[in-house]
Amino acid sequence: MRRILIVMTLLLLVMASASITSARQAEPGPKLTEIVERGILNCGVGGALPGFSSVNPDTNRMEGIDADFCRVVAAAIFGPDDVDSKVNFVPLTANERFNALQAGQVDLLIRNTTWTLTRDASLNSNFGPTTFYDSQGLMVKQELIDSGVQSLADLEGASFCSQSGTTTEKNMVDAYTQLFGVAPALVLAETSDATLRDFENGACDVLTSDKSQLAGLRSASTNPSNLVILNDTLSKEPLGPMYLDDDTQFGDIVDWAVYATFTAEELGITSQNIDEFAGTEDIVIARFLGQDESGLGALLGLSNTFAADIIRAVGNYAEIYERNVAPVGIPRDSSNGINQLYTNGGLIYAPAWR
Ligand SMILES: N[C@@H](CCC(=O)N[C@@H](CS)C(=O)NCC(=O)O)C(=O)O
């Protein structure tokens with residue numbers, strides 16, 4: 001009897017140590033199964049936001065940091081090949097986006113959506129890692145600057161164009177009321193195109209939005225040099241993926257797919273040099289790329305090379321940022337470098353992999 005107990009204990013020890021070195025493949029949960037069976041990820045985006053998600057008229061391809069993070073999740077699930085054919089981009093207005101997520105019309109929302117307590121707690125949802133730290137700003141025409149306007153404090157009695165269904169609208173009321181004791185005159189529109197048109201046609205004095213959108217709208221306007229973004233910062237707008245909170249495995253997949261892009265930047269792995277790491281003796285890099293026995297992808301129900309697949313197909317965070325956000329006039333070192341890696345003084349930080 002004693003001998004049987006010793007043998008059983010030894011067996012359990014061997015099994016426990018095996019599970020540390022090589023993870024067991026997790027069963028695919030309901031969302032992962034649904035996406036794999038469908039063969040395509042339904043990803044909700046804005047669709048008309050330069051730098052975040054907008055269709056390139058020459059190639060008809062959806063481009064932007066949000067679009068690329070949809071591809072990141074698709075590459076984690078389907079592998080690196082032909083990722084563009086594995087994402088169905090669903091353009092949604094600010095007002096439509098949460099209903100679309102709740103109705104299952106999209107698996108995931110990556111639509112310059114701000115992480116707030118209210119949304120987190122009241123929409124049966126969770127937010128993934130922040131992919132861009134934004135803040136709300138104000139844009140005016142040069143003539144207002146010429147007349148002495150420098151900040152919101154100089155804008156008593158002004159009217160503000162904003163998009164409905166956004167944090168922007170509510171923050172504007174808070175900031176103005178706090179300063180002047182009365183609510184501001186808001187001119188609301190359903191899309192950013194309509195908001196920009198209202199502003200350009202003189203329906204309001206100030207255009208307010210996430211600063212990234214102000215930069216994008218200014219770059220797309222007919223006369224960018226006539227538009228000035230003031231230094232005021234009205235709010236925190238951490239933007240990132242949002243998904244329903246009923247399937248923790250899918251949430252983990254989205255989170256670690258995003259973290260893979262941060263970690264790759266930290267490790268110096270890009271879409272261009274990833275092949276140079278084949279057979280690497282660096283154990284951290286080997287584990288990250290799925291080249292060792294630990295099999296971290298299996299814990300998520302994915303391939304063990306999911307992180308390598310993402311980097312191969314889409315690139316690391318720096319590549320994604322430089323390709324999409326920098327060209328609309330938001331260099332990585334702007335806003336005190338908040339969107340830099342933590343090692344460069346920013347907030348882009350991934351947890352540990354093992
Ligand atoms: N981040 C804020 C604002 C998001 C938002 O929708 N912003 C407007 C800025 S103008 C936008 O993206 N409009 C694009 C469109 O509807 O085409 C939120 O989550 O509420």
Side-chain angles (χ1 to χ4, degrees), residues 43-57 62-67 69-70 89-102 106 108-123 125-140 160-175 186-200 203-204 206-221 227 229 233-243 324-325 328-330 335 338-339:
C43 201
V45 293
L49 299 157
F52 281 70
S53 57
S54 63
V55 178
N56 179 327
M62 189 67 80
E63 290 179 351
I65 184 171
D66 284 353
F69 275 106
C70 293
F89 292 103
V90 181
L92 298 166
T93 66
N95 279 320
E96 290 167 343
R97 62 186 153 172
F98 304 129
N99 288 340
L101 181 65
Q102 295 200 315
V106 294
L108 173 67
L109 189 65
I110 312 189
R111 191 209 169 279
N112 56 314
T113 294
T114 305
W115 184 352
T116 73
L117 182 152
T118 311
R119 290 171 176 175
D120 203 351
S122 59
L123 296 172
S125 61
N126 280 328
F127 286 84
T130 298
T131 49
F132 184 83
Y133 290 90
D134 212 335
S135 59
Q136 185 175 337
L138 305 167
M139 186 158 74
V140 298
F160 299 82
C161 282
S162 162
Q163 209 174 312
S164 55
T166 58
T167 48
T168 319
E169 176 191 347
K170 299 189 175 82
N171 296 333
M172 193 62 241
V173 175
D174 284 357
L186 290 181
V187 179
L188 295 175
E190 176 77 11
T191 64
S192 59
D193 277 356
T195 314
L196 181 65
R197 251 196 326 273
D198 285 349
F199 174 63
E200 290 192 317
C204 60
V206 186
L207 177 58
T208 182
S209 171
D210 293 347
K211 283 189 180 175
S212 60
Q213 300 314 313
L214 293 179
L217 291 173
R218 185 175 57 178
S219 76
S221 90
L227 301 177
I229 299 174
T233 292
L234 272 53
S235 66
K236 292 194 283 192
E237 305 288 332
L239 311 180
M242 185 180 180
Y243 41 78
N324 298 300
V325 184
V328 293
I330 313 169
S335 305
I338 194 171
N339 288 297

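Every number for a ligand or one of its atoms is a count from 1 in the order of the listing. Every value quoted in this text rests on a predicted model; they were computed, and no experiment measured them.
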Would you please determine whether G46 falls within less than 4.0 Å of ligand 1 on a heavy-atom basis?
no

Between the side chains of S164 and N95, is a donor N or O closer than 3.5 angstrom to an acceptor N or O? yes

Taking only non-hydrogen atoms of T114 and a 4.0 Å limit, the atoms of ligand 1 in range are 1 (N), 2 (C), 18 (C), 19 (O)

Within 4.0 Å of some non-hydrogen atom of L239, the atoms of ligand 1 are 1 (N)

Self-check item: Distance-only donor-acceptor check, side chains T114 and E237, under 3.5 Å
Solution: yes

Atoms of ligand 1 under 4.0 Å from any heavy atom of S209, numbered from 1 in the order shown, are 9 (C), 10 (S)

Restricting to heavy atoms, the pick from K170, Q163, R119, Q136 nearest atom 8 (C) of ligand 1 would be Q163

* Looking at ligand 1, does T113 have a heavy atom less than 4.0 Å from it? -> yes

Notebook entry, point to check: F52 and F132: aromatic ring centres closer than 6.0 Å?
Noted result: yes

In this structure, atom 3 (C) of ligand 1 is nearest to the protein heavy atom D210 OD2, 3.6 Å

One finds that the ligand 1 atoms under 4.0 Å from a non-hydrogen atom of L49 are 11 (C), 12 (O), 13 (N), 14 (C)

min-distance protein heavy atom vs atom 17 (O) of ligand 1 -> S192 OG, 3.3 Å

D198 and A189 have their tightest heavy-atom pair at OD2-CB, 3.9 Å

**Study point:** Side-chain H-bond candidate by donor/acceptor type, T233 with K211, under 3.5 Å
**Key:** yes

message = Is there a polar contact between ligand 1 and R111, counting only N or O atoms under 3.5 Å apart?
response = yes

Inset, instruction - Report yes if T191 has an N/O atom closer than 3.5 Å to an N/O atom of ligand 1; otherwise report no. - result: no

*asked:* Would T168 count as being in polar contact with ligand 1, using the rule that some N or O on each side must be under 3.5 angstrom apart?
replied: no

Note: M242, heavy atoms under 4.0 Å from ligand 1, region reported as neither

Checklist entry - Would V206 and M139 satisfy side chain to side chain contact (heavy atoms under 4.5 Å, CB included), going step by step from the backbone distance to the final call? => result CA-CA 6 Å; V206 186; M139 186 158 74; 6.0 Å; no

If you scan protein heavy atoms around atom 12 (O) of ligand 1, the nearest is N112 ND2, 2.8 Å

_Any heavy-atom pair between the side chains of M172 and L234 that's under 4.5 Å?_
yes

Q) Regarding Q136 and T208, is there a side-chain donor-to-acceptor distance under 3.5 Å anywhere? A) yes

A94 heavy atoms within 4.0 Å reach ligand 1 at atoms 6 (O)

In terms of heavy-atom contacts, D210 and N112 come closest through OD2-O, 4.2 Å

Quiz prompt | Distance-only polar pair, side chains of R119 and S125, donor-acceptor under 3.5 Å | solution = no

